[in-house]
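Atom set for the values below is all heavy atoms of this structure, side chains included, hydrogens, waters and symmetry mates excluded. Positions are given from 1 along the sequence. Keep in mind the model is a prediction, meaning the values are calculated, not measured.
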Amino acid sequence: MGHPLTQGTVDSNELWMDVVLRSGDRIVGRSGGMDADGAVDPWSHFVNVYMLDRNGNRIDRRNPQDIFTPLYNNQIPPGAADTVHFAFTVPPGLKAPIDVEVRLQYRKFDATYVKYFKGDPGAKDALPVVTLASDRVTFPVRGAATTAVNAPSSVDLWQRWNDYGIGLLRKGGRGELRQAEAAFAEIEKLGRGDGALNLARVQLREGRLDEAAASLERASKAAMPAYPWSVTWFSALVNKQNGRLDEAIHNFEDIIATNFAEARKRQFDFGKDYVALDELGQTLMERAKRERAPERRSERERLLRQAASTFEKTLALDSEDLSAHYNLSLIHEELGDEKRAAEERALYARYKPDDNARDTTVALHRLRNPAANHAAEAVVIYDLQREGRYLADVGPVLKPVVSVAANASNERSPASSR
């Protein structure tokens, strides 16, 4: 898809992970269940944007005019993946293996909005639920006979490892970089440049620049090399941070000009990527700082004007781009045009979010809503045996008592369920 999943009305669309663990005819774990009114358990994993107004209330009545800031954004970008963690304890005395069924469910409106537009607080959300994707796996349990065999995945092994690793890499903060690195190493063993390329992304994020450069070299020379434009992009970022500014400028210019035959064949146009334009502009500014000698003044001004032209291209695509306005204010001040510098400072101040107000709003809602507070963590683990989980849509429940030793193994990789 050319946009994130779900895009559109992300505040009222309802996509969630529906997970059921069964042992024989009993339920031993559940997430994503519904109550009798058709409302999904708020402690489920939702693929959505959880948006707030200025007073810390959720945007849940199709009132986009009140949107202020997101609490979290669980959308999946195009070409990316997500990794979701669930936890459970194997109850004692099980007589059958544990069958895990996972489904990604979709419904047009959530129960809160249905009650709102019907004007009835007691209305039931009976809108149809569509299963977008599903998978299942069986965990053998010691002492419980089983003949179940997990079916092999129809998805290539390298892609399963890659999706798994990308989902880990995308976690907030420091995320789960060590786990992502291990996943990408498995891909490199399979002879694909994607593994080394994504290893470089981990290493770049951790500031391991020499290792990142070496990984990018391997990515371009693998039996199945990574896309050259991807290698060039991350090489540009590494060169910029390493102070190799001329090489970085050349890399960014190749990206923006789409100087790759295969990319042009696919009708790609990276010239409209304002992130790349901003990176080029910033690198040109850094390069200009090295031309401080009086006899190099004309070269410094040339680089600054080139940077300004690059940021203007960004603003043609996004007139509220903060990086462009901020850096243009610095450039015009350096060039002696105080009027233009003041204009850009004013635009930067106009569009810059109020970080203090945003933090206050988020903190207020997290205090009010424990489920949303949990879901907003950088790394979330969903408890399949949480007291109070919704079970109206499944059969009898077996509550866990204590943890016992179990031989719960999966023949497939951690990336099997996508």
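In summary, the side chains of S215 and R218 do present a donor paired with an acceptor at a separation below 3.5 Å, with no hydrogens or angles considered. If you check the side chains of N13 and N48, you find no donor sitting under 3.5 Å from an acceptor. A donor-acceptor pair shorter than 3.5 Å can be found between the side chains of R302 and Q306. No side-chain donor-acceptor contact under 3.5 Å links E101 and S134. T360 and N356 are not linked by any side-chain donor-acceptor pair at a separation below 3.5 angstrom, with hydrogens and angles left out of the test. A donor-acceptor pair shorter than 3.5 Å cannot be found between the side chains of D254 and T232. In this structure, a donor-acceptor pair under 3.5 Å is present between the side chains of T314 and D278.
The residue from N198, D194, D156 that alone fulfils the side chain to side chain donor-acceptor pair (under 3.5 Å) condition with N162 is N198. Each of Q179, E181, R201 was checked for a side-chain contact (heavy atoms from CB on, under 4.5 Å) with L169, and the lone residue meeting it is R201.
Among residues two or more places apart in sequence or in another chain, the side chain to side chain contact (heavy atoms under 4.5 Å, CB included) test is passed with Y227 by W229, S230, R266.
The aromatic ring centroids of Y50 and F46 lie 6.0 Å or more from each other. Aromatic pair W233/F252: ring centres closer than 6.0 Å. The ring of F86 has its center no closer than 6.0 angstrom to the ring center of H45.
Sparse packing is recorded around CZ of R297, with 12 or fewer heavy atoms of other residues, nucleotides or ligands lying under 6.0 Å away. A 6.0 Å sphere centred on CD1 of I381 holds no more than 12 heavy atoms belonging to other residues, nucleotides or ligands. When the shell of 6.0 Å around CZ of F68 is examined, it contains more than 12 heavy atoms from other residues, nucleotides or ligands.
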Exercise for the section: Could you check W16 against R103 for side chain to side chain contact (heavy atoms under 4.5 Å, CB included), going step by step and ending with a plain yes or no? Expected result: CA-CA 8 Å; W16 74 98; R103 293 177 293 177; over 6 Å; no
Practice task
Applying side chain to side chain contact (heavy atoms under 4.5 Å, CB included), run through L384 and V19 and close with a yes or a no.
Solution key: CA-CA 8 Å; L384 290 165; V19 185; 3.8 Å; yes
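Annotation: the span from R264 atom CZ to N259 atom CG amounts to 5.0 Å, rounded to 0.5 Å.
Each ring-ring contact (aromatic ring centres under 6.0 Å, His included) pair with one or both residues in residues 333-352, not counting sequence neighbours, appears once here: H325-Y351, Y326-Y348.
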